[in-house]
Colleague: 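Submitted below is the structure of interest, expressed as structure tokens.
Both backbone and side-chain heavy atoms feed into the values below; hydrogens, waters and symmetry mates do not.
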Amino acid sequence: AVAIAAAVSYGIYVALMSLHDFRRHPAMAELSDPNGRFIVALEKDLKEEMHELKPRVLDDGKTIITMNWFVHLPGNFSFFSRLFQPLLMMTNLAGIGSSVPGAQGGDIKPPSWIGLLQRCFQVIGSLPSWLHLLRRSLPGAVQVSPLWEVQLGFRTDQGTPPRGQVILWDASRGHFAEVVGDQKALEKLAREIATRQAVATKLITSAAISETGGIQKAEGGLDPRSMSLERCYEVLKLCREDMLAAQSISKEEGKACLARAFRLRVLEDPDAEKRKVEEVGLALDVLMRRISLSLVM
């Protein structure tokens with residue numbers, strides 16, 4: 001009762017604090033973002049209205065996938081179901097036993113003291129991870145992870161009709177979510193999330209390499225020297241005037257404009273030929289490098 005009262009009180013405190021200033025929410029502190037850059041990027045992603053780039057809201061709003069972020073609201077059910085897990089594990093100790101070979105009617109042999117002690121130590125050993133998960137699912141909790149750091153999994157239930165399960169897991173932060181539904185719909189969702197992860201990873205890599213003046217090697221053997229400025233803008237379907245206007249504000253704005261064009265090109269045709277995708281990626285690298293080196297755009 002004390003734990004439940006404390007959790008509810010904490011949830012109310014977090015909610016009131018976040019209404020005043022969402023940047024003070026514990027989820028924001030976990031991002032290690034003293035300058036607020038990630039918070040601005042997350043807010044921008046959540047407000048995106050372009051269909052290909054819009055956030056995907058799943059499981060009645062409990063899970064949100066943007067172009068760069070994984071947001072999960074565990075809900076009160078997760079907290080209460082996890083709260084009593086150690087108690088359930090301890091009560092199950094009394095039921096530990098083993099079948100007696102050759103016994104009639106499936107007789108059960110009482111558990112040995114060694115077996116009980118081993119199970120007790122297993123329960124005690126799981127307490128740190130249990131506390132970690134419990135803290136992540138307190139009332140009012142919001143879990144936020146960079147999408148490129150999230151592990152993606154998919155399972156199929158061979159029932160009638162067959163059901164699918166998309167699993168999203170950030171091991172370093174202890175964030176976990178699962179979405180269950182129609183198999184074909186969730187297979188499509190899993191492919192889209194994987195594409196978004198690949199796009200986010202490519203943008204990070206391209207930006208990092210461009211700062212050194214280099215260009216990531218194209219897998220298909222495309223030569224960066226064959227990509228003229230005009231061809232880069234054509235491949236990305238990027239308006240040169242828009243690019244120059246953004247770059248005149250700052251390099252970061254120029255890179256943001258370029259990144260948006262790259263996302264649109266990849267997501268508007270996720271089944272495009274590999275060579276076409278590689279050419280789009282090379283155009284990104286060429287323009288990203290020119291921005292970093294302050295070359296003519």
Colleague: Using a side-chain heavy atom cutoff under 4.5 Å and only I, L, V, M, F, W and Y, what cluster partners does Val296 have?
Modeller: none
Colleague: Please list, chain by chain and in numerical order, all residues satisfying salt bridge (Lys or Arg N to Asp or Glu O under 4.0 Å) with Arg290, sequence neighbours excluded.
Modeller: none
Colleague: Taking salt bridge (Lys or Arg N to Asp or Glu O under 4.0 Å) as the definition, give me every residue that meets it alongside Glu52, ordered by chain and number, with sequence neighbours left out.
Modeller: none
Colleague: Side chain of His72, backbone of Ile64: donor and acceptor closer than 3.5 Å?
Modeller: no
Colleague: Can you name the residues that form a side-chain contact (heavy atoms from CB on, under 4.5 Å) with Lys237, not counting sequence neighbours?
Modeller: Arg265, Glu268
Colleague: Using the side-chain contact (heavy atoms from CB on, under 4.5 Å) criterion, which residues pair with Ser250? Sequence neighbours excluded.
Modeller: Glu252, Glu253
Colleague: Crowded around Glu187 CD? As in, over 12 foreign heavy atoms under 6.0 Å?
Modeller: yes
Colleague: Report yes or no: does Thr205 contribute a side-chain atom to a donor-acceptor pair with the main-chain N or O of Thr201 at less than 3.5 Å?
Modeller: yes
Colleague: Considering non-hydrogen atoms only, spot the tightest contact between Gly164 and Phe154 and give its length.
Modeller: CA-CZ, 4.1 Å
Colleague: State whether the side chain of Glu49 and the backbone N or O of Lys54 hold a donor-acceptor pair below 3.5 Å, judged by distance alone.
Modeller: no
Colleague: Supply the atom-to-atom distance Lys47 NZ to Leu42 CG, rounded to the nearest 0.5 angstrom.
Modeller: 10.5 Å
Colleague: Residues two or more places apart in sequence or in another chain: which of them pass salt bridge (Lys or Arg N to Asp or Glu O under 4.0 Å) with Lys276?
Modeller: Asp269
Colleague: Have Ser294 and Lys251 got a donor and an acceptor in their side chains that come within less than 3.5 Å?
Modeller: yes
Colleague: What is the distance from atom CZ of Arg191 to atom CZ of Arg196, rounded to the nearest 0.5 Å?
Modeller: 14.5 Å
Colleague: Checking Val235 now: which residues fulfil side-chain contact (heavy atoms from CB on, under 4.5 Å) with it, not counting sequence neighbours?
Modeller: Met227, Arg231, Glu279, Val280, Ala283
Colleague: Going by salt bridge (Lys or Arg N to Asp or Glu O under 4.0 Å), name the pairs with one or both residues in residues 141-161, residues two or more places apart or in two chains.
Modeller: Glu149-Arg173
Colleague: Connecting only ILVMFWY residues whose side-chain heavy atoms lie within less than 4.5 Å of each other, what is the rest of Ile249's hydrophobic cluster?
Modeller: none
Colleague: Is the side chain of Ser206 donor-acceptor paired with the backbone N or O of Lys202 at a distance under 3.5 Å, no angle test?
Modeller: no
Colleague: Listed by chain and number, what are the side-chain contact (heavy atoms from CB on, under 4.5 Å) partners of Ile215, not counting sequence neighbours?
Modeller: Pro224, Leu282, Asp285, Val286, Arg289
Colleague: Through direct or indirect side-chain contacts below 4.5 angstrom among Ile, Leu, Val, Met, Phe, Trp and Tyr, which residues connect to Ile204?
Modeller: Trp148
Colleague: Verify, without hydrogens or angle tests, whether Asp59 (side chain) and Lys62 (backbone) share a donor-acceptor contact under 3.5 angstrom.
Modeller: no
Colleague: Look at the side chain of Glu273 and the backbone N and O of Arg275, then say whether any donor-acceptor pair between them is shorter than 3.5 Å.
Modeller: no
Colleague: Less than 4.5 Å apart, any side-chain heavy atom of Leu236 and any of Leu258?
Modeller: yes
Colleague: Could you give the side-chain donor-acceptor pairs of residues 240-248 under 3.5 Å, partners two or more places apart or in another chain?
Modeller:
unit_1, atom_1, unit_2, atom_2, d
Arg240, NE, Met297, O, 2.8
Arg240, NH2, Met297, O, 3.1
Ser248, OG, Ala245, O, 2.5

